[in-house]
Asks: 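To start, I am sharing the structure in question, which I have written as structure tokens.
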Amino acid sequence: MWDAIKRKRRTRHPEPEPEEVEQATDIVCDRCKRPLRGEEDGWNVVLDKGYAIGHLCPDCQTAEENAEAEVHEATLDYSAGHVDEDGRVRWSAKGVCNSISVGGHAAMRENTAIHMMVSVEPPVLRVAVGPQSDARLSGLFGNVTCKKAVHEEMASKGAQPGTRDLSYLVDSDMDATDVWVVEDQAMAVGGAGSHKLLVIYSPDIDPHLLEVFAPEYADSMREAIHAP
């Protein structure tokens with residue numbers, strides 16, 4: 001049955017938005033006082049605990065400041081930057097999920113052994129549930145927004161909470177960006193199930209996905225990857 005299931009899946013610190021900071025014509029380097037003219041490259045925003053407090057031109061940046069900016073440029077998603085309610089500049093790490101999409105999936109309608117399908121397509125986390133889903137699984141998500149969105153979707157589908165424990169199956173055929181939660185009976189030999197739900201994922205699971213889905217179980221999932 002599991003084979004049948006598987007066949008069915010298949011710059012530097014940038015400026016915040018212009019309306020949130022001074023106009024470019026007002027920007028000057030904190031050290032040499034040179035004004036920023038036009039679209040010059042290499043300028044840095046100086047941040048203190050998330051607050052933008054000044055600017056540095058390329059000529060005035062130290063080697064350490066330049067190296068830090070290079071690291072941030074490689075690891076932060078500057079296209080997803082925003083200013084929070086306290087006025088602090090925030091950027092997400094590259095590859096993480098900044099939004100969530102919940103709904104159904106054709107594979108779930110055709111096979112009620114599937115309780116949940118989770119996938120990450122940065123910056124979107126996609127979650128599919130159905131009325132057969134175990135409603136308590138909404139608690140496996142690592143932030144309040146995800147928990148709330150999945151819980152509401154499950155409630156709209158009529159999903160009911162269950163009592164089964166989770167076990168983990170590492171499957172090399174799974175995509176690294178997917179996690180499935182299925183009935184253990186779908187994998188049982190001779191119909192002998194153990195009344196658990198299987199969390200199925202790739203041995204090369206995307207670490208950003210693991211941070212969003214089941215973070216409290218992440219250590220157990222990693223142990224399953226390395227189990228003999």
Side-chain angles (χ1 to χ4, degrees), residues 2 5-6 8-10 17 77 79-86 88 90-169 171 174-187 193 195-202 205-222 224:
W2 176 233
I5 293 175
K6 288 197 289 187
K8 294 184 183 298
R9 65 172 184 235
R10 167 341 356 214
E17 291 301 314
D77 183 1
S79 67
H82 67 282
V83 176
D84 69 16
E85 59 185 13
D86 296 319
R88 291 172 295 194
R90 299 293 192 190
W91 291 285
S92 301
K94 285 185 176 178
V96 304
C97 302
N98 299 318
S99 61
I100 181 171
S101 172
V102 291
H105 193 283
M108 299 187 69
R109 292 192 292 272
E110 295 174 17
N111 195 320
T112 57
I114 306 172
H115 282 252
M116 178 181 288
M117 302 173 70
V118 184
S119 64
V120 58
E121 299 174 23
V124 181
L125 179 74
R126 303 189 185 280
V127 183
V129 297
Q132 72 271 31
S133 297
D134 183 341
R136 72 189 171 92
L137 294 175
S138 62
L140 292 176
F141 292 86
N143 63 59
V144 174
T145 300
C146 288
K147 289 180 191 292
K148 183 174 184 292
V150 175
H151 175 77
E152 290 177 350
E153 179 68 11
M154 286 181 155
S156 72
K157 294 287 180 63
Q160 297 296 314
T163 59
R164 283 166 289 188
D165 293 329
L166 299 179
S167 58
Y168 309 100
L169 175 67
D171 186 338
M174 287 286 288
D175 190 283
T177 59
D178 295 343
V179 172
W180 286 23
V181 182
V182 303
E183 297 268 7
D184 72 324
Q185 285 85 353
M187 286 290 296
H195 199 62
K196 290 185 177 181
L197 292 177
L198 285 176
V199 181
I200 307 174
Y201 54 98
S202 166
I205 187 171
D206 186 319
H208 295 303
L209 179 53
L210 202 56
E211 290 169 5
V212 179
F213 176 77
E216 294 181 6
Y217 293 83
D219 288 343
S220 297
M221 294 171 75
R222 292 188 184 99

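Fair warning: this is a prediction, and the values are worked out from it, not measured in the lab.
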Asks: Please evaluate residues Val150 and Ile100 with respect to the criterion side-chain contact (heavy atoms from CB on, under 4.5 Å), reporting the C-alpha separation (whole Å), side-chain torsions for both, the decisive distance (0.1 Å), and the verdict.
Replies: CA-CA 9 Å; Val150 175; Ile100 181 171; 3.9 Å; yes
Asks: Are the side chains of Val118 and Leu209 in contact, using a 4.5 Å heavy-atom criterion?
Replies: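 The answer is yes; the side chains approach within 4.5 Å.
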Asks: Are any side-chain N or O atoms of Asp171 and backbone N or O atoms of Ile200, one a donor and one an acceptor, separated by less than 3.5 Å?
Replies: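 Pair absent, no side-chain N/O of Asp171 close to backbone of Ile200.
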Asks: Closest heavy-atom contact between Ser101 and Val124?
Replies: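 Smallest heavy-atom distance, with atoms named: CB-CG1, 3.9 Å.
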Asks: Between Glu183 and His115, does the side-chain hydrogen bond (donor to acceptor under 3.5 Å, both in side chains) criterion hold? Intermediate values first, please.
Replies: CA-CA 7 Å; Glu183 297 268 7; His115 282 252; 2.9 Å; yes
Asks: Is there a side-chain contact between Ser133 and Met108, using heavy atoms and a 4.5 Å cut-off?
Replies: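 A side-chain contact under 4.5 Å exists here.
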Asks: Could you tell me which non-hydrogen atom of Val129 sits nearest to which non-hydrogen atom of Met154, and how far apart they are?
Replies: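 Scanning both residues completely, I find the closest heavy atoms to be CG1-CE, 3.6 Å.
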Asks: Pick one: which of Asp184, Leu198, Leu137 meets side-chain contact (heavy atoms from CB on, under 4.5 Å) with Leu166?
Replies: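 Considering Asp184, Leu198, Leu137, a side-chain contact (heavy atoms from CB on, under 4.5 Å) with Leu166 is found only for Leu137.
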Asks: Do Met116 and Leu140 have side chains that approach each other closer than 4.5 Å (heavy atoms only, starting at C-beta)?
Replies: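 The answer is no, as the side chains (C-beta and beyond) never meet within the 4.5 Å cut-off.
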Asks: Looking at every heavy atom in both Ala128 and His105, which two are closest together, and how far apart are they?
Replies: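 Looks like CB-CB, 3.7 Å.
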Asks: As an exercise, state the distance from CG of Asp206 to CG of Asp178, rounded to the nearest 0.5 Å.
Replies: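 It comes to 10.0 Å.
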Asks: Could you measure the distance from the OG1 atom of Thr163 to the CG atom of Leu197? Nearest 0.5 Å is fine.
Replies: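 Thr163 atom OG1 to Leu197 atom CG measures 9.0 Å (nearest 0.5 Å).
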Asks: Can you see which heavy atom on Met174 is nearest to which on Ser202, and at what distance?
Replies: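 Smallest interatomic distance, heavy atoms only, reads O-CB, 3.4 Å.
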Asks: Which atoms form the tightest heavy-atom contact between Ala159 and Ala135, and what is the distance?
Replies: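 That would be O-CB, 3.7 Å.
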Asks: Minimum heavy-atom separation for Ala107 and Ile114, please, with both atom names.
Replies: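 Looking at all heavy atoms of both residues, the shortest contact is O-CD1, 3.7 Å.
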Asks: Would you list the pairs meeting ring-ring contact (aromatic ring centres under 6.0 Å, His included) in which at least one residue belongs to residues 128-159, sequence neighbours left out?
Replies: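 Sorted pair list: Phe141-Phe213.
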